[in-house]
Every structure is written in structure tokens, then in C-alpha cells.
Amino acid sequence: MSRTVLADQLMEILLEARVERIYGVVGDSLNPLVDALRRGGRIEWVHVRNEEAGAFAAAAEAQLTGRLAVCAGSCGPGNTHLIQGLYDAHRTGAPVLAIASQIPSVQVGLDFFQETHPERLFVECSHYCELISQVAQMPRVARSAVQHALGGGGVSVLVISGDVLHRPPEIPAGRSDVLIAKATATPPAEQVMALAERLNQASSVTLFCGAGVASARAEVMELAGKLHSPIGHTLRGKEWIQYDNRYDVGMTGLLGYGACYEAMNDADLLVLLGTDFPYQDFLPGARTVQIDRDATRLGRRTPLELAVHGDVAATLRAVLPLVEQKTERSFLDHMLHRHATALEHGVSAYTHDIERHRPIHPEYAARILDEVASDDAVFTVDTGMNNVWAARYITPNGRRRVIGSFRHGSMANALPQAIGAQLAYPGRQVIAMAGDGGLGMLLGELLTISMYQLPVKVIVFNNSALGMVKLEMLVDGLPDYQIDNGDFDYGAIAQAAGIHGIRVEEPTDVRVALGDALTHPGPALVDLATDPNALSIPPHITAAEVKGFALAAGKTVLDGGVGKMIEMARVNLRNIPRPTITA
Ligand SMILES: Cc1ncc(C[n+]2csc(CCOP(=O)(O)OP(=O)(O)O)c2C)c(N)n1
Ligand SMILES: [Mg+2]
């Protein structure tokens, strides 16, 4: 029987934190850990093709489940590959532990083969980044890493040489409870009072919601009902707040639509709820209140009239009894009208001949994808134009999830995130909305889904271009340059990798191809030959930008449809109470 080594102890601590798998690529310095998994048989090793994908997959798993997820890379290049996914995890607050193995401990500091210093490299994308050079640092340093990732919400990195992993432990691991549920922050009474005062005094209020409203939907709705306030959202807030929302005015920012920008800028008081929305140009810079459970975020995007430190749900529960029911609702009604008008405009701009438009219009394909996807699908969305299509066409319902690299903005996230999502939820439909540039960047991960027969559905919006950059160049008044990705048939590439793959060039074939792929029992890829000129103009670009745009464009530019949102906007208009006429 083999003797117990430090790697076994590390594995015990990961099991204690309910870790089910480690994503990575094996390599000599990691071998003791991989061998411990093999012998233990309780944690699965997921062999990705690039450690970056392993980090993205772990980040997706952690973000979706709230549990600790783990990735690993061998010494030097094996773990430098992790960095992109770790930045993404850290900035999303996803609890991820990265195990970065190190060159032989006696060689550190001698410019040895593959020598890097992960404990320096990963500092910026982690809460905790420590080297285990002494056996007796275990088990406490490993537990501390786990707790930093879970407690702080973000990344921990453990750096450890293979020879150290292979030594016998000096201190027994024992058992320790892993605290997973965190306390909620309730604001001090003065802040609650001050918030109530402002809400009561304001003549009109707009609520702008980020991902921090995830567990506060009922409270936000109740507050909007009392204040008659429009509700706008960020891309990350959308999945939690936009559905069945009588107060919805859409989204602001570069991907914005509807009346959100106006509602935020025209309101007497703007309330930011659980959002760290970074574009200050889209914020009014006037009377603003911010509520956030992370006090360090307060006021960093815009000056605040009032900073409130608390979880959104807890804060609203505390303030709601003090908020008076407003009677005046003309601001809300006006914004609901503006919203519906903006969406109607979008619909008429894009529906014209869309079903025969060749190459396939991406918005048409996104709308069909929304229709055929299941009610609890998990969508992973590549950075690029897919962000626009997902924001406008994927209809949230409280059960679906939509994740992307929405804070770090890295390309190539969708396919590896789908791997993590599918492993975390084997029974759920997982759809990667991929750009052709993004897919090409981590194309090898098709082999991962094929090898594990993960039933991930990859839908490639293949415009043969770095479409988002093409748009940026147009907006900047530059001719597009170096944005050509080349024309490749990813359906055929998928087939060669043993995946159900198809290329679709006719718009009339989109529905059947997507339907077939989604019902296919194994991995599937649909390569949609989409129109590179279907671009969405940000609704609030400056006059100079518009000029540059017009100068460079001379092409078809659509400002985009809005999917099923229009139906809700129309219903919301119909639901505006009519004044009762009394004799
Ligand atoms: C790793 C990385 N490199 C470069 C960029 C800059 N960038 C943002 S979107 C984009 C184009 C994405 O192209 P594609 O995946 O084909 O999607 P499309 O916009 O065409 O739908 C680029 C190059 C980035 N965000 N991340
Ligand atoms: Mg593209």
C-alpha cells in the first residue's frame, strides 16, 4: 500500500470543501496530485486541452453553483495558461482555487527550466496567492486558500513544488467545517433612514439593477411598486430582474436598448442596486444612491448623494416599511411608453425580409435559438457580438442562466464555460453561443467535449470576422483592417472531431438545424454562416462618433431587434391604469 503524501492531504481538504473535479493538464510537478486523485477515486480529473479553458470551466462551475471549483496547471507554462480564466473568475467573484505546481523546490531562484513565480504572477487576480514550501504549512494554508476563495468570493492560488507534494505530511489533516453560506450585510439604521427619506422626497426614482439583485427580486419589485419607478438593468442583472417585469425599461450601456438611458438620466433620483456598472458616461452623475454589499465599490463610478452598505434584499426589507406609497406615476408611464416605442422601432428596423436575408442575419438566428432552447437552459456567451445577441434575444425566465465574460471581457470564454456548466449540471441543456474568432482561439476544447461526450451545444455565429472590432473601427471612423478570420466550416471540423456538426447557410434551415442539435443526445455544433455587416450601434454614442461611423460605414448597419421583450413592453403599456372619470 502506498504511503500518504502531502498531495493526499490536499485532496482531503478539497473533498471537505465538496470539490468534485479538477480541470487541468497533467505535468510532472502535478503528478503527485494526479496520482492522489487516481488512488482516492473521489475527485475526477477533467483533461482540457488548454489550462486557460480549465480555469474558465472552473469559473463557470463556481459561478453557477456558488461552490468551490478547482483548476490546476503544471510548473511554468502549464500554469501561466490559467491566467485569463482566473482573471475572469476573480472579477466575477467566482470561488475558484488554482493549484499552480512549481519546479523542484531546490531549483527555485536559479533560472531553472520552466521557472516562473506563480506566487508573484497571480497576485493581481486573486485574494490569496501563497507558496507552500514547508510540509508543516499543511493543512492550514490549503484551508486558508479554500476559505479565501469562498469567503472573499474570487480566486485563491496555491503554489507548491511536485517534490513537496510528494513528501509525507507532518501534521494530520483532521476535519474542519467549511463555511459556505455567508452572513448578509444589513445597513446601519441611519443609512436606512436616510435612504427612506430620499426615496420619499424624490419626485421620480429609477432603479438600476446589477447581479447583486439575484436574491432580491421580490423586494425590488415591491419597491418599484411603491415608488412607481422604472427598472433598468445591466447585462449581469438581466437574468434576475428583467422577466415578468411591469417596470422594465431595458438596458443601458454599449449594448443598451429601450428607455433605460433616459429613465436613468431623467429621474430625480437614481438608485444603483447591486451593480458596479463601469461606464460612467452612461450614468447621470446627478442625484445617485448606491446600495452594495461590498463597501469598497460604493461611489467609485459616480459621486453619491448616499452610500448604503448592505445586501440588496436585506437593505430593501429594512427600508420598505418606511417607504410611502407614491400616487404620481406619470414618470413611470412616460418611460414605459418611450421604452415600447424604442423597441417597436427596433423590431421594424430588423424584421424586414429577415427570413430570406443571406448570409443569415444573426439576430434572426438568435431569436430562433431563444425559441427552441429549453426553459432551464444554461447559455454561455462569447465576448463579441454574441453579447449583443444574448442581451437582446435570450429571454430570461428565472430558470435559465446566461453567463459570459461580462466583467473581464475575454474572448473564447463560451466553449470552456459550457464544459464547466455541463459537468456541474449533467441533465441540463448547455448552449455555447460562440463567435468564430472566439471558437478559433480555444478550438481544441471541441476535442474535450467530444472525448467526454459532454452534450454541450455549440452554436457558432460565424461571420468570418472579428465582428465586434469591426464595429469599433467603424464607430471610431477607421476603415476596418485585420478583422478577417477567414472562411472556415466549423461544422465539418466538428464532424472530424466526432461531434454532430452541421454548417447552415440558408436562413430557412436554421430552425431545423438548431432543433436537431439541441435534441441530439451528445455534443453538437451548428455553424451558422452569419452576416458580418449586421452590426448594432450603441444607442448613445457621441455626435463625433456618429460622424465617424457614417464616414466609415457606407454599409448596412442595423440598430437591432429586441426579441420577445417587445411583447412584455406592449403588455406593460396595456396595464397602465387609465384614469377613472368621475361624474
Ligand atoms: C483575448 C481577447 N483578445 C482580444 C479581444 C478584443 N476583442 C473583443 S471582441 C473581439 C472580436 C470577437 O470576434 P468573434 O469571436 O468572431 O465574435 P464576433 O464579434 O465576430 O461575433 C476582439 C478581438 C478580447 N476581448 N479578448
Ligand atoms: Mg466573428
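Just so you know, ligand 1 is whichever comes first in the structure, and atom 1 is the first atom listed for that ligand. One-based numbering along the sequence shown. Because the structure is predicted, anything quoted here is derived from the model rather than measured.
- Taking Glu20 as the reference, Arg67 meet the side chain to side chain contact (heavy atoms under 4.5 Å, CB included) condition, with sequence neighbours excluded.
- Defined by atom type and a distance below 3.5 Å, a donor-acceptor pair is missing between the side-chain atoms of Ser410 and Ser405.
- For Tyr452 and Gln422, the side-chain atoms include no donor-acceptor pair closer than 3.5 Å.
- Only protein N, O or S atoms were considered, and those under 2.8 Å from the Mg ion (ligand 2) are Asp436 OD1, Asn463 OD1, Ala465 O.
- Any N or O atom pair closer than 3.5 Å counts here, and Gly438 shares at least one such pair with ligand 1.
- For ligand 1 and Gly384, the ligand atoms under 4.0 Å from any heavy atom of the residue are 9 (S), 19 (O).
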Exercise for review: Under the salt bridge (charged side-chain N to carboxylate O under 4.0 Å, His left out) rule, what do Arg400 and Asp370 come out as? Steps first, then yes or no, please.
Suggested key: CA-CA 11 Å; Arg400 284 180 170 180; Asp370 182 51; 2.6 Å; yes

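- No donor-acceptor contact under 3.5 angstrom links the side chains of Glu124 and His90, judged on distance only.
- With ligand atoms numbered from 1 in the order given, ligand 1 contributes 24 (C), 25 (N), 26 (N) to contacts under 4.0 Å with heavy atoms of Gly409.
- At a 4.0 Å heavy-atom cut-off, ligand 1 does not touch Pro362 at all.
- Of the polar atoms of Met468, at least one N or O is found under 3.5 Å from an N or O of ligand 1, judged by distance alone.
- Using a 4.5 Å heavy-atom threshold, the side chains of Phe56 and Leu415 count as separate.
- For the pair Thr302/Gln280, no side-chain contact is recorded, criterion being any heavy-atom separation below 4.5 Å from C-beta on.
- At a heavy-atom cutoff of 4.0 Å, ligand 1 is contacted by the side chain of Gln84 but not by its backbone.
- The closest approach between a heavy atom of Asp436 and any atom of ligand 1 is below 4.0 Å.
- When the options Met433, Glu52, Gln482, Met411 are ranked by their closest heavy atom to atom 26 (N) of ligand 1, first place goes to Met411.
- Partners of Ala72 under the side chain to side chain contact (heavy atoms under 4.5 Å, CB included) rule, at least two apart in sequence or in another chain, are Ile22, Leu30, Trp45, Ile99.
- Of the candidates Ser464, Pro532, Gly435, Gly437, it is Gly437 that places a heavy atom closest to atom 16 (O) of ligand 1.
- Scanning the protein heavy atoms around atom 20 (O) of ligand 1, the nearest turns out to be Gly467 N, 2.7 Å.
- Only the side chain of Asn485 comes within 4.0 Å of ligand 1, counting heavy atoms alone; its backbone N, CA, C and O stay farther away.
- Scanning all protein heavy atoms for the shortest distance to atom 10 (C) of ligand 1 gives Val469 CG2, 3.6 Å.
- With sequence neighbours left out, the side chain to side chain contact (heavy atoms under 4.5 Å, CB included) criterion links Thr341 to no other residue.
- Using a 4.0 Å cut-off between charged nitrogen and carboxylate oxygen, Asp487 and Arg503 count as a salt-bridge pair.
- Atoms of ligand 1 lying under 4.0 Å from at least one heavy atom of Asn463, given by number and element, are 18 (P), 20 (O), 21 (O).
- Side chains of Tyr364 and Glu355: no donor on one and acceptor on the other come within 3.5 Å.
- Listed here is the closest heavy atom pair of Ile360 and Glu505: CG1-O, 3.7 Å.
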